[in-house]
Each structure stands twice: as structure tokens, then as C-alpha cells.
Amino acid sequence: MAISTTNLYAFAHINGEFSPAGKLNLTEQDQQTVASTFAYGQRYIERPNAIEIDPIGLALQPKESVKGKLLTPPNGLSFFGGIRDAAPDAWGRRLIEARLRVPANSLPESTYLLEAGSNRVGALDVRTSLDAPAQHTQEPPPSLQYLLEAAERVEAGLPIPDRLSDIFIAGTGLGGMRPKVSVRDNEHLLWLAKFPSLSDNLIDIPLIEHATLRLAALAGLNVPETQVIEVLDKNVMLIRRFDRSWTMTNKPMELRHHMVSALTLLACEELDSPNKSYMDIVSAMRRYCGTNFLKVDIAELYGRMVFNILVSNDDDHLRNHAFLWDTTSGGWKLSPLYDVMPRATLASERFLHLGVGLNGRFADLDNAYSAKERFGLLGPNACEIIDRVWRVVRQWKLHFESFGVSAEQIARISPAFRHIDDVSSPELRKQL
Ligand SMILES: Nc1ncnc2c1ncn2[C@@H]1O[C@H](COP(=O)(O)OP(=O)(O)OP(=O)(O)O)[C@@H](O)[C@H]1O
Ligand SMILES: [Mg+2]
């Protein structure tokens with residue numbers, strides 16, 4: 001078993017450009033990261049607008065706690081979540097492997113971190129030296145036809161011919177399992193394009209995801225703009241990247257927003273995700289998120305949990321919740337909603353991925369109601385949220401029709417949607 005150590009440099013995108021943030025040392029045993037350390041640069045710490053790379057392991061307050069210190073990950077973890085979130089997970093890794101022509105999961109973390117390129121999600125970049133240039137910075141090319149064709153080949157394990165190699169620029173830095181790329185529209189705004197997958201099994205996932213996110217927006221949740229376009233006779237969902245925005249002060253400039261997953265906020269490993277709950281996320285938010293947004297964000301998370309129960313979105317794992325660094329207030333806030341997909345199951349007892357309330361992961365509104373105190377909600381507040389979300393979800397068929405979902409697709413996804421009578425007690429319903 002070969003053990004190696006690698007020195008890397010983390011860069012943070014501040015005011016439109018990358019600045020060195022600190023030095024990362026990774027100890028790797030074959031493909032496994034066994035230990036890591038990080039030291040913030042002195043100049044970086046003194047910057048008034050320095051981004052906190054990891055809210056737990058690399059907290060920037062108080063400054064004395066990090067100045068000149070070699071920091072190690074919290075909870076005995078081998079890696080800092082805030083940096084791991086800047087590496088691609090499944091899909092981005094498949095693309096890196098396809099480009100380098102190596103088998104799945106055969107590369108060490110340092111390679112995935114470096115190969116993700118500078119267009120990755122969030123505001124970090126990782127390079128081999130302080131003067132190494134940013135990698136793969138070309139604009140993602142607009143030809144979605146080629147990108148879709150390439151993505152299908154990657155999924156099928158086929159080699160990528162040169163004419164399709166743009167996929168390696170457009171898709172490499174991205175997370176999640178499903179095939180996806182980043183694309184810019186004519187106004188230079190960046191979108192995530194989520195493709196159909198070869199394993200979708202007759203459900204038009206891009207269209208249903210779009211319709212579900214629009215439904216969530218109607219229920220008052222904070223959802224990015226989405227749209228569906230047809231490429232090669234298939235639907236592709238576009239969702240606006242919330243980790244990018246444009247500022248028009250002085251000259252137009254694209255800002256990047258640093259983002260960490262709830263996995264990082266809870267300082268745990270992916271394997272621990274099913275043992276965690278929404279209440280754990282709330283406790284971590286109280287500790288690490290800025291007070292400006294806290295009350296609204298916790299109520300929003302409660303609404304998301306209720307929505308997930310009503311649409312059977314049981315893929316609500318810790319990487320499907322994220323937090324953005326707010327430069328203005330110098331604190332963390334809940335990101336807009338993403339990756340919500342109803343699961344058409346016939347099971348009468350259903351469970352979310354994360355714990356809901358006193359009755360564990362059981363997907364039921366009484367269980368959600370039992371968690372209200374942990375969310376700092378009084379009974380009437382919790383009821384107001386449940387009622388608001390239910391009033392919209394109960395009309396889902398009408399809304400899906402208006403979003404262009406066919407009767408055939410509505411019938412296929414229908415078992416996912418739950419009636420309030422099946423997920424709540426008469427006592428709770430009386431209070432709504
Ligand atoms: N609108 C967005 N703006 C910025 N980043 C996003 C956005 N949507 C998703 N992401 C990031 O991209 C990752 C992958 O996206 P998403 O979760 O939608 O993909 P997926 O393949 O369906 O995931 P999963 O494997 O959980 O099913 C997310 O974990 C998140 O980090
Ligand atoms: Mg996801």
C-alpha cells in the first residue's frame with residue numbers, strides 16, 4: 001500500500017478574481033485520503049472579505065484561532081468538508097476518469113480536486129502551486145446536442161471522440177450522480193443543465209424535476225429559476241446556478257459564491273448521512289449560520305421537509321442541502337432549493353432519507369409536527385407552513401399540466417404524491 005503526501009494550494013474567488021487562501025496537505029493511501037492539514041495564508045486572513053472555507057474545521061473567527069496554525073479536520077475526519085465540496089462527486093468523477101481513460105474511482109482525491117478545474121461549483125479552486133494558472137477556464141460551449149450525446153456515451157462507458165470532448169470542460173467540476181453540464185445563455189448567465197439518464201425508466205425526469213421545483217416555488221419555497229428545453233427530442237432541465245451572480249457596479253463582473261453541503265455543516269462522512277435528521281441541520285444552522293437569515297431559513301427548511309413528505313422526495317440526503325457564504329454579512333445562509341424528485345412508489349409506509357421528528361425518518365406530517373420545537377416554531381407557525389404547502393401540492397396535477405407535463409407522465413408519477421389524509425392524523429388536520 002503506497003502512502004503519499006501532496007501539497008496543494010486553495011484559492012478563493014473574491015471580488016471577481018482568485019486569490020491564494022491557504023496551503024492544503026493531503027496524505028493519501030492509494031485512493032483513500034487518510035489525513036489532511038490546512039494553513040490559511042497570513043495575508044488572506046487579514047482580508048476584510050476573506051471567505052471562510054469550512055464553517056467548522058476552518059472557521060475564521062476568532063482570527064487568532066487560525067493565525068499561523070496548522071489546522072486538522074474536525075471529528076476525526078480525514079478531510080475538510082469545505083474543500084471536499086469543491087471536488088466533483090459521482091458524475092464529475094466519471095468525466096475525469098473518461099478523459100484520463102482510467103477505471104471508475106481509481107484516482108486519489110488530490111487528482112479529482114485538481115482536475116475539477118476552475119469552473120467548479122462554489123468559489124474555490126485548488127492548484128498545485130501558487131503560480132499555477134487556473135485550469136479549464138474556457139467558457140462552457142453552448143452546443144447542448146453535442147454535450148447530451150457525449151453524456152450518453154460516458155454513461156454507457158463508451159470512449160469520447162474528439163468532436164465531443166467539450167463535455168470535459170462543461171461537466172467536469174459538477175456533483176451529483178445524474179449526467180449534467182454547465183452552460184451559459186445569451187446573457188452570459190450560467191445554468192446547470194440536467195440531462196435524462198439511460199436508467200430513467202419511462203419517467204421524464206428533467207420535465208418532472210422542473211415541474212416539481214415550480215410547484216415548490218408556488219408553495220412559497222425559495223427555488224432558482226428553471227426551464228425545460230428540447231435537445232435531440234429529449235427534455236433537458238436548466239436550473240440557474242445560484243453560486244454565480246453578476247454585479248454591475250463599475251464594470252460587469254461575475255461573482256462566485258462559496259458553497260458547502262449540509263454534510264460539511266454537520267462535519268460528518270457520507271455514510272453517516274442516513275443517521276442524521278433535519279433537526280441536526282437546524283442545530284448546526286443555529287451554531288454556524290448568520291443571525292440575519294436564521295429564522296427565515298429554519299422556517300424554509302421546515303417547509304422543504306413538509307414538501308418532501310408530500311411528494312415522496314426521499315433522496316433528501318445531506319449533499320442535497322447546501323449553504324452559501326454571504327460576503328456582505330460574513331456568514332452562512334441556506335441555499336435555494338435544488339434536486340427535488342418525487343419517487344413513484346406504492347409503499348403505504350414511506351421514509352425520507354433524513355430524520356423528520358420524534359418518529360425518526362417516517363414520512364408523515366404528525367412526525368414533522370413533532371419536530372416543531374426543534375425548529376423554534378410554535379404550533380400555529382408549524383400548522384401555517386404545513387397548510388400552505390399542502391394547499392399547493394394538493395393541486396399538483398393542475399399545475400403539472402400547466403407546466404406541460406403530459407397525462408401519461410402525470411399518471412406515471414402520480415403514486416409519489418400523497419393525500420393529506422394518508423400522512424396525518426385527524427387531530428393534526430383539525431388544527432390546520
Ligand atoms: N442551481 C444550482 N446552483 C449551483 N449549484 C447547484 C445547483 N443545483 C445543484 N447544484 C450543485 O450540483 C450538485 C449536483 O446537482 P443535483 O443534486 O441537482 O444533481 P443529481 O445528480 O440529481 O444529484 P443526486 O446524485 O443527489 O441525485 C449539487 O449537490 C449541488 O452541489
Ligand atoms: Mg443531488
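This chain uses plain numbering: 1 for the first residue, then up along the sequence. When a ligand or atom number is given, it counts from 1 through the structure's own listing order.
- Ionic pairing of Arg93 and Glu109 is present here: one or more N-O contacts between side-chain nitrogen and carboxylate oxygen are shorter than 4.0 angstrom.
- The closest side-chain heavy-atom distance from Pro196 to Asp204 is not below 4.5 Å.
- If you count the protein N, O or S atoms nearer to the Mg ion (ligand 2) than 2.8 Å, you get 2.
- With a 6.0 Å cutoff to the six-membered ring centre and a 45° limit on the axis angle, Lys372 counts as a cation-pi contact of Tyr369.
- Partners of Ser110 by side chain to side chain donor-acceptor pair (under 3.5 Å), not counting sequence neighbours, listed by chain and number: Glu28.
- Closer than 4.0 angstrom to ligand 1 sit non-hydrogen atoms from Gly175, Gly176, Met177, Arg178, Lys180, Leu192, Lys194, Ile239, Arg240, Arg241, Phe242, Asp243, Met259, Asp315, His317, Arg319, Asn320, Tyr338, Asp339.
- Annotation: cation-pi pair Arg350/Phe362 absent, no NZ/CZ under 6.0 Å from the ring centroid and within 45° of its normal.
- Both cation-pi conditions hold for Lys333 and Phe293: the charged atom is under 6.0 angstrom from the six-membered ring centre and inside a 45 degree cone around its axis.
- Put simply, the side chain of Asp85 never gets that close to the backbone of Thr264: no donor and acceptor are under 3.5 Å apart.
- In this structure, Arg304 forms no cation-pi arrangement with Tyr278, as its terminal cationic atom is not both closer than 6.0 Å to the ring centre and no more than 45° off the ring axis.
- Contacts of Asp272 classified as side chain to side chain donor-acceptor pair (under 3.5 Å), with partners at least two apart in sequence or in another chain: none.
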